[in-house]
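To start, the structure under review is shown below, and the notes come after it.
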Amino acid sequence: AFLGNNELAVQCLDSALHYDFYMDPYGYGNDPMFESLKNREDFKRLAKKQSDYFLFRKQAFSNALNRAQAGNELKSLMEK
């Protein structure tokens with residue numbers, strides 16, 4: 001995008017998402033390299049998809065940690 005080929009930039013970002021390369025949602029909205037893409041509908045859809053996936057993974061990780069902690073607490077209660 002920074003070099004002026006917006007179509008190719010969006011295509012490359014889409015490909016990165018397809019192959020499970022995700023970045024923090026903060027990056028898409030604040031990286032100056034994406035400035036020329038911010039008003040494109042295809043970029044907005046891509047950024048939303050990336051953000052949704054990032055937040056899903058963050059929540060899933062948090063849920064897994066909570067289950068692990070709860071399991072350990074239950075195990076310690078059963079050992080008493």
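These numbers come from a predicted model, not from an experiment.
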Heavy-atom distance under 4.5 Å between the side chains of [X] and [Y], does that happen here?
{"X": "R40", "Y": "E7", "answer": "yes"}
{"X": "Q11", "Y": "D14", "answer": "no"}
{"X": "F43", "Y": "N6", "answer": "no"}

Q) When rounded to the nearest 0.5 angstrom, what distance separates CG in D31 from NZ in K38? A)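 With rounding to 0.5 Å, CG (D31) is 8.5 Å from NZ (K38).
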
**Q.** Separation between CG of L17 and CZ of F54, rounded to the nearest 0.5 Å
**A.**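 L17 CG to F54 CZ: 13.0 Å, rounded to 0.5 Å.
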
Q: Mind listing the closest non-hydrogen atom pair of L46 and V10 along with its distance?
A: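 Minimum heavy-atom contact is CD2-O, 3.6 Å.
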
Q | Summary of side-chain hydrogen bond (donor to acceptor under 3.5 Å, both in side chains) pairs that have at least one residue in residues 54-68, sequence neighbours excluded | A |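 For residues 54-68, and leaving out neighbouring residues, the side-chain hydrogen bond (donor to acceptor under 3.5 Å, both in side chains) pairs sorted by first residue read Y53-R57, Q59-N63.
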
Q) Hey, which of E41, K48, K49 is the one that makes side chain to side chain contact (heavy atoms under 4.5 Å, CB included) with R45? A)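 Only one option passes, and that is E41.
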
